[in-house]
Amino acid sequence: MTDQPYNFAYLDEQTKRMIRRAILKGLAIPGYQVPFASREMPMPYGWGTGGVQVSAAVLTPTDRFKVIDQGADDTTNAVSIRNFFRRTADIEVTTTTAEATVIQTRHRVPETALHAGQVLVYQVPIPEPLRFLEPRETETRKMHALEDYGLMHVKLYEDISRHGHIATAYAYPVKVEGRYVMDPSPIPKFDNPKLSDCPAIQLFGAGREQRIYALPPYTSVISLDFEDHPFEASKANYPCGLCGAEDSYLDEVITDDAGGRMFVCSDTDFCETRQAAGHRGKDAA
Amino acid sequence: MSKQTHSLLSVRDIAKHYGSHIGCTDVSFDLYPGEVMGIVGESGSGKSTLLNCMAGHLTPDDGQVVFDTRADGPRDTVTMSEPERRMLARTDWAFVHQHARDGLRMGVSAGGNVGERLMAVGARHYGDIRDKATDWLDRVEIAPDRIDDRPATFSGGMQQRLQIARNLVTGPRLVFMDEPTGGLDVSVQARLLDLLRGLVRDMGLSAIIVTHDLAVVRLLADRLMVMKSGHVVEQGLTDQVLDDPQHGYTQLLVSSVLQV
């Protein structure tokens with residue numbers, strides 16, 4: 001323990017116990033939003049207070065921890081949270097997806113397939129998929145309880161009528177085990193198929209909204225769609241400029257003010273591993 | 001009515017109190033398939049309370065509302081479970097609010113509004129939903145090229161017609177209407193009434209219409225119920241009640257209509 005005043009992983013044991021109970025309940029009812037008594041964390045809401053609390057509750061001294069933000073290990077948010085748990089829990093950290101046992105993520109699912117024994121923790125800003133369609137929480141909870149999900153398709157209908165195709169590109173609603181409609185957090189819809197039948201445990205924490213929900217391993221997760229407008233896991237239609245990968249989700253990076261740009265893997269660990277193995281894209285130095 | 005026709009809706013001794021104040025009490029009647037029933041009365045007479053009790057928006061303190069469901073025959077909707085009642089509300093029932101804003105989703109296009117009930121009962125084919133929405137907009141005299149416009153850009157009369165289309169798209173058998181022509185100017189009212197009359201006759205709908213406008217019931221309703229202070233004071237065939245009112249209050253009501 002480097003910072004003596006703190007308990008292991010910052011939160012006190014009673015709080016972690018309360019959060020674990022919420023997680024267990026969430027795992028027992030896949031996709032159901034379990035209310036929990038979210039604590040103040042030493043970071044602003046919107047920076048991952050929900051994810052951090054879930055991570056704190058599941059971390060053990062032998063875990064190896066990885067944090068990604070939009071797929072990257074080296075952004076402010078990712079570095080800060082990684083350092084936070086290195087200081088308060090004195091655990092090993094890593095950037096390699098395959099070696100990590102707990103991965104906290106914001107807005108992406110790692111490209112490398114997860115394996116059994118791993119825990120993926122999502123940071124969730126708005127857990128309620130029906131929020132912008134029905135503003136009343138009392139009503140949305142009733143709609144979940146009664147499986148009254150016609151409204152969700154109204155949103156997709158509006159997309160098609162306005163844009164000619166389903167234009168929702170992130171936070172794309174899914175149906176879990178044929179029961180609850182769930183917001184998969186703002187991951188690109190490219191990542192939606194990775195949620196289904198995943199061997200790892202997936203936990204979702206929303207700190208400000210005080211909700212936890214979860215997907216146990218090998219849960220069926222179906223993206224909602226229309227028969228004549230089926231779901232499509234879309235991405236930018238280019239290979240990665242650095243590693244040449246054709247099948248990974250890409251970020252568009254503006255390189256100068258004359259229209260120059262390049263597409264690179266948003267998952268930095270995936271991209272670096274491929275480059276180290278000798279793969280090269282057209283923009284690689 | 002002949003013995004072999006089952007009543008579609010059978011209301012028995014409905015009562016609703018707001019504390020010591022009476023909302024409505026001792027209301028009983030039968031509604032037969034294809035029949036339109038008017039409920040008239042002054043403001044505060046309990047007609048909207050009664051309508052909301054029948055439509056499941058309010059829980060009555062006492063009484064039964066037995067509806068002849070397609071699947072299981074007559075069922076009391078008051079003691080029915082919430083999911084069953086909601087299922088009824090989006091398939092066999094329709095509710096037309098006085099203010100179209102209460103019944104429409106103002107942030108969703110006209111097509112989405114009409115399609116919502118279809119999607120709620122499991123329609124998952126965009127093309128089909130859109131075709132049906134276009135067809136229904138046409139039936140309520142809204143130009144099909146307005147299908148992607150939001151109701152906020154519609155006039156009051158168009159909003160009301162859109163609300164009717166949205167409600168009738170799943171082919172309900174019973175329509176509850178709460179002052180459907182309230183707040184519309186007279187020429188728009190006339191068109192709306194004409195439209196409603198056509199739809200009710202074509203689709204063989206049963207309807208319960210709450211209004212304080214006697215002209216509306218004269219045009220649409222087969223039977224009439226007059227309410228005062230939460231009680232039904234007179235009921236009978238519309239023309240009979242309006243032309244030969246028996247109860248003092250009904251006589252007052254009929255004589256209060258301004259003649260132009």
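Just so it is clear, the model here is predicted, and its values are computed rather than measured. Each chain gets a letter, A, B and so on, in the order the sequences are listed, and its residues count up from 1.
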*Please test F226(A) against H125(B) for side chain to side chain contact (heavy atoms under 4.5 Å, CB included), starting from the C-alpha separation and ending with a verdict.*
CA-CA 5 Å; F226(A) 284 104; H125(B) 191 284; over 6 Å; no
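To the nearest 0.5 Å, atoms CZ (R105(B)) and CD (E158(A)) are separated by 11.0 Å. Taken from CG in L151(A) to CE in M119(B), the straight-line distance is 9.0 Å, to the nearest 0.5 Å. The distance from the CZ atom of R130(B) to the CG atom of D228(A) is 11.5 Å, given to the nearest 0.5 Å.
For a residue to count as touching a neighbouring chain, one of its non-hydrogen atoms must lie under 4.5 Å from one of that chain's; by this rule L224(A) does not touch chain B. Heavy atoms closer than 4.5 Å to chain A are found in the side chain of I129(B), but not in its backbone. Residue I160(A) touches chain B through both its backbone and its side chain, counting heavy-atom pairs closer than 4.5 Å.
Here S161(A) is the residue among A145(A), G150(A), S161(A) with the most heavy-atom pairs under 4.5 Å with chain B.
Contact annotation: the side chain of K142(A) approaches that of R86(B) to within less than 4.5 Å [non-hydrogen atoms, C-beta and beyond]. Two residues are said to be in side-chain contact when any heavy atoms from C-beta on lie closer than 4.5 Å; D148(B) and R162(A) fail this criterion.
Using cut-offs of 30° and 60° on the angle between ring planes, the pair Y126(B) and H229(A) is perpendicular.
For Y18(B), the OH atom sits in a packed shell: over 12 heavy atoms of surrounding residues, nucleotides or ligands are nearer than 6.0 Å. The environment of R179(A) atom CZ is dense: over 12 non-hydrogen atoms of other residues, nucleotides or ligands sit within 6.0 angstrom. Counting non-hydrogen atoms of other residues, nucleotides and ligands closer than 6.0 Å to CZ of R101(B) gives a total of 12 or fewer. Annotation for H97(B): atom NE2 counts as buried by contact number, over 12 foreign heavy atoms lying within 6.0 Å. Counting non-hydrogen atoms of other residues, nucleotides and ligands closer than 6.0 Å to CZ of R17(A) gives a total of 12 or fewer. Other residues, nucleotides and ligands contribute only 12 or fewer heavy atoms inside 6.0 Å of the NZ atom of K132(B).
Of the charged side-chain nitrogens involved, at least one lies within less than 4.0 Å of a carboxylate oxygen, so that D148(A) and R90(B) count as a salt-bridged pair.
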